[in-house]
Structure formats: C-alpha cells, structure tokens
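Beneath this line is the structure, given in structure tokens, with notes to follow.
Keep in mind it's a predicted model, so treat the numbers as computed, not measured.
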Protein chains: 2
Amino acid sequence: MSRMIDPYDAIPKYYQLAAILREKIENGDWEPRSAIPSERQLEVLYDISRTTIREAIDQLVRQGYLYREHGRGTFVSPQKLQKAMLDLTSFSEDLLRRGIQPGQIIRSLEWIVPIPKILQRLELAPATKVLRIERIRLGDGVPIGLQTSFLALKEGQEITREELEERGSLYTILQEKLRIIPSEADETLEVTLATPEEAALLQIPAGAPLLLSERVLFAQDRRPVEYVKILYRGDRYRYTVRLRR
Amino acid sequence: MSRMIDPYDAIPKYYQLAAILREKIENGDWEPRSAIPSERQLEVLYDISRTTIREAIDQLVRQGYLYREHGRGTFVSPQKLQKAMLDLTSFSEDLLRRGIQPGQIIRSLEWIVPIPKILQRLELAPATKVLRIERIRLGDGVPIGLQTSFLALKEGQEITREELEERGSLYTILQEKLRIIPSEADETLEVTLATPEEAALLQIPAGAPLLLSERVLFAQDRRPVEYVKILYRGDRYRYTVRLRR
DNA sequence: TAATGAAACTGGTAGTGACCACATGACCAG
DNA sequence: CTGGTCATGTGGTCACTACCAGTTTCATTA
C-alpha cells in the first residue's frame with residue numbers, strides 16, 4: 001500500500017483517502033473498469049469508518065474518476081484524460097492543459113463605471129466603479145483572443161498591473177491574494193464577425209469569424225465577481241467543456 | 001410546513017427532503033441569501049437524522065440551490081434562473097427551457113460503419129455498425145441546426161424512425177426505452193463556414209459562419225453511447241453552459 | 001467606554017451499527 | 001439441462017453520537 005492516513009493531520013481523512021485513491025487511478029495501479037476494493041475492505045485496509053470512505057469515494061465519483069454499480073462494486077472510469085479535466089478553468093489553465101504556452105499583453109487596467117448591462121450582470125448599484133482589464137491573450141506567442149474583464153471588487157481589494165504581469169493568471173490572484181474562490185460560472189458562446197479594430201489586434205482580416213464568449217463568474221457565496229468577454233480567433237481556438245447531468 | 005416526509009415511501013428520505021426544500025426555494029418561500037433552518041432545527045422539524053439532512057442539503061448545494069458558510073448557516077442561492085438550469089441537456093430540452101418550440105426533420109436513419117475517428121471516439125472495434133441519424137433541427141419552425149448522431153447500441157437495442165418522430169427527443173428514448181441514462185459528455189465548440197450543401201439545408205448563404213459542436217455522450221457506467229456533430233446557424237443560435245469547479 | 005472572553009449557536013468530520021436493495025454464483029429440484 | 005432458491009457479497013439509506021472549527025452575541029471586565 002502506497003500511503004497511509006495520518007489521523008493527526010489537519011487535512012480531513014476523507015480528503016486524504018481521496019488523494020490516495022486518485023493517485024492509484026492516475027498511476028494506473030488500477031485498470032480502467034476494474035473494481036476497487038469494496039467499502040468494507042477499505043474500512044479494514046485504512047482503518048477508517050465506512051462513513052468516511054463513502055465521502056472520499058463520493059468525491060471521486062463526482063470528479064469522474066470512479067463510478068458505482070449497486071450490488072456489484074465501485075469501478076475505475078476509463079476516461080483517458082480525466083486527470084487534467086477541470087470544468088471551470090481560467091484562460092491560462094485552459095491553454096496549459098493543452099500543452100500551449102499562455103501569454104498576454106495588457107492593454108489597459110483601470111477603474112471605470114461600465115455600461116448598465118454589465119452592472120446588472122454583476123448585481124451592482126448604478127454608477128459603481130469596477131476594475132476593467134483589457135488583454136490580448138497569446139498561445140505560443142500568437143494572438144488567439146481578445147479579453148475584457150470587469151471585476152466587482154470591494155474597498156481595499158486591488159489588483160495591480162505588476163501582479164498580473166507576474167502571475168499571469170487572474171484566477172490565481174483572486175484566490176491567493178483576495179481569497180475569492182471561483183466556484184461557478186454562466187457562459188454563453190456565439191459566432192460573430194471581426195470589426196476592423198478587432199481584426200487588427202488579432203492579426204486577421206476584417207470580417208473573419210470569431211467565437212464570442214461571455215461569462216459571469218461567481219464566488220463561493222454565489223456573489224458575481226467578474227464579467228468577462230472574450231473574442232477568440234475562429235481559426236485558432238476550439239472550446240471544450242465537460243458536461244454533467 | 002408544506003409537505004412532510006413519508007417514511008414508508010420507497011423514495012429515499014433525503015431525496016424527499018431535497019424535493020421539499022427545492023420547492024420552497026423555487027416558490028420563493030425563502031428569500032435569496034436568507035438562511036434556511038439549521039441542520040439541527042431541520043432534524044426536529046422533519047423528524048429525521050442529521051446524516052439524512054446533510055445528504056439532502058449536499059444535493060441542493062451541488063445543484064446550486066444553496067450554499068453553506070461554516071459557522072454561519074446555509075443560505076439560498078440568488079441565481080435567478082437556477083430552476084431550469086441543467087448542465088447536460090438534449091437539444092430539445094435546451095430549446096424548451098428558452099421558450100422555443102423544438103422541431104425536426106429526419107433526413108435519414110440507418111445502420112452504417114462510420115469512419116475510424118468516430119469508431120475510436122465510441123471505443124468500438126473496427127467495422128462495427130452504428131446507428132446514424134441525420135436531422136435538421138428547428139426552432140419555432142425555422143432551421144437552426146444540422147445534427148448527425150452516431151449511436152453505439154447493443155444487439156437487440158433499436159430505435160425506429162416512428163419512435164423518434166413521436167417522442168422528438170433522442171435522450172428520452174435512450175432513457176425510457178433502452179435504460180441508458182446520459183450522465184456525462186465531452187463537448188468541443190468551434191467556428192466554421194458553411195459549405196454550399198449545408199447552406200442550402202439551413203437556408204443561409206454559402207460561406208456564412210456556423211458554430212460547430214462535437215459531443216461524445218457517456219452513460220452511467222462511462223461507456224460512450226453517442227457521438228454527435230451539430231452545425232448551428234451562427235445568426236440564430238447561442239450556446240450556454242453553467243460551469244463548476 | 002472599549003476590550004475581552006465565554007457561551008451558544010452554526011456547519012464539518014468521524015465512528016458505529018443496522019437494515020435494505022441488487023448482483024452473483026452455488027446448489028438443488030424438476 | 002432448466003429454472004428456482006438461498007447465501008453472500010456489493011453499494012444505498014438511515015439513525016445516533018461525539019467532537020472539532022468557525023461566527024455571533026452579550027455579559028463581564030479593565
């Protein structure tokens with residue numbers, strides 16, 4: 001057995017167990033579609049209660065690593081790329097997991113009062129200031145998207161150009177500096193045609209087809225945090241999602 | 001209190017409770033962002049154990065109806081449209097929840113051996129036959145998408161043109177007739193331009209921009225069931241998803 | 001008056017024990 | 001050989017209990 005559970009660790013046991021099991025799955029210790037030890041066996045193996053074991057397995061089932069069959073057992077999902085599969089990802093994460101080097105050019109970063117539609121989406125009072133960040137997103141150095149974020153930040157919460165240039169990922173700053181954990185988002189996608197200005201920035205002909213994404217990001221407490229609009233080059237970007245029932 | 005829990009019902013108690021709470025939220029009995037009764041209060045109110053209550057609340061939290069704050073309580077999510085929000089939806093469900101009447105023209109329905117790429121996506125052996133269904137999808141009578149499905153069905157599982165015309169939704173037939181429950185899907189979206197043939201079927205000019213979606217659908221046991229390719233009219237369709245961490 | 005700290009709440013984690021529902025394979029009767 | 005039955009294994013549901021970890025309230029203290 002690879003690792004054991006440390007009952008004195010501050011990390012919950014069910015979480016420790018989930019990590020151990022996930023590792024075995026990713027390492028290929030267990031074949032896809034093969035049964036993992038039964039809940040009663042795991043009880044003995046790791047000396048923890050079935051309650052805790054079921055909580056760990058629940059987590060992995062939700063994440064798509066395992067599936068259960070009543071009366072038969074719990075089995076390893078055969079999804080090939082399950083490891084790197086996140087659902088709600090930032091632009092940078094998204095590119096990184098495809099093996100593309102993310103990059104950015106920050107065109108502007110300033111506090112402004114946005115148009116009413118955006119204020120409404122962010123559930124803010126009229127004339128409230130938000131932080132607008134305009135960036136050209138790069139994949140392996142080539143422009144692939146035009147991104148405009150509008151952030152609903154509280155007093156005292158600030159993001160500087162330097163931080164953004166350094167970290168690269170807005171989501172990282174939100175989480176680590178501001179303790180805002182992105183937890184859900186509503187996104188819409190549609191097709192549009194590039195205006196001359198957009199075309200110039202993306203280095204494509206005017207009128208070329210673009211993929212337009214609009215996303216509202218919510219924090220743990222379901223408060224809207226960011227409204228972001230991204231224009232992707234139609235010829236260089238493919239959007240992927242994993243959907244669940 | 002609206003409804004109570006029937007301990008003799010075959011439906012699990014946690015599920016009954018989740019339904020009761022969901023109803024209160026959707027009815028607006030509880031204000032968004034207000035706290036629902038604490039777990040210990042619900043224990044008394046419904047005369048069930050905290051284990052069961054937490055399981056019901058877990059379900060609603062995952063579905064986005066509620067959120068928890070450690071030490072403070074459990075609160076109603078303020079998402080306006082949460083009720084109709086599903087993640088993995090069929091074409092018909094998708095349109096219906098936007099108030100558009102779905103329709104279809106079935107162009108063909110036959111067993112064929114698809115190209116290797118599709119067999120591989122469906123994890124089938126070479127030269128395996130699958131059921132291909134070509135449909136023009138309509139919204140309020142107007143063509144909005146061109147859909148080609150490839151279904152990996154077992155011996156004896158069959159779908160007829162009549163059934164499909166009658167029920168309208170492929171997912172309904174999968175679930176109710178074949179007992180295949182769609183549970184997860186991987187989807188990619190990109191932009192393309194209409195070929196003359198596609199343009200004719202969709203009643204748009206050749207070269208008009210389209211939204212191309214490719215989806216692999218998985219059943220409960222993570223077996224691939226359907227590979228489906230949909231071409232949406234760029235000017236009439238907007239794709240929406242809810243993403244989760 | 002302002003600081004503090006204890007009490008009383010909240011959800012989070014964990015163990016134990018029980019019984020139900022479903023799947024499977026061994027066994028037996030026809 | 002066929003079909004039923006039963007034991008045993010699996011996950012699914014549920015109750016009760018205990019304690020931990022944050023938050024809020026409010027009486028007490030400096």
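Residue-to-nucleotide contacts include no donor-acceptor pair under 3.5 Å from the side chain of B:Thr51 to the base of D:dT13. A donor-acceptor contact under 3.5 Å links the side chain of A:Arg40 to the base of D:dG11.
Nucleotides of DNA chain C nearest to A:Arg50 and A:Ile11 differ in position, and the one nearer the 5' end is that of A:Ile11. Comparing A:Arg72 and A:Tyr14 by the nucleotide of DNA chain C whose heavy atom lies nearest to each, the residue mapping closer to the 5' end is A:Tyr14.
Under a 4.0 Å N-O distance rule, the pair A:Arg222/A:Glu184 qualifies as a salt bridge. Between B:Lys117 and B:Glu214 there is a salt bridge, with a side-chain nitrogen of the basic residue lying less than 4.0 Å from a carboxylate oxygen of the acidic one. Ion pair A:Glu39/A:Arg68 flagged as a salt bridge, since at least one NZ, NE, NH1 or NH2 atom sits closer than 4.0 Å to an Asp/Glu carboxylate oxygen.
Between B:Arg54 and C:dG11 there is no side-chain polar atom (N or O) within less than 4.0 angstrom of OP1 or OP2. Look at A:Gln41 and you'll find a side-chain N or O under 4.0 angstrom from OP1 or OP2 of D:dT10.
Taking the 5.5 Å centre cut-off and the 30° plane limit, the aromatic side chain of A:His70 is classed as stacked on C:dA21.
If you check every strand for non-hydrogen atoms under 4.0 Å, A:Ser38 touches sugar and phosphate atoms only. Counting non-hydrogen atoms under 4.0 angstrom, B:Gln16 reaches nothing in the nucleic acid. Here B:Thr52 lies in heavy-atom contact (under 4.0 Å) with sugar-phosphate atoms only.
When the nucleotides C:dG11, D:dG12, D:dA15 are ranked by their closest atom to the side chain of B:Glu39, C:dG11 comes out on top.
For the atom pair A:Tyr14 OH and A:Thr52 OG1, the distance stands at 10.0 Å (nearest 0.5 Å).
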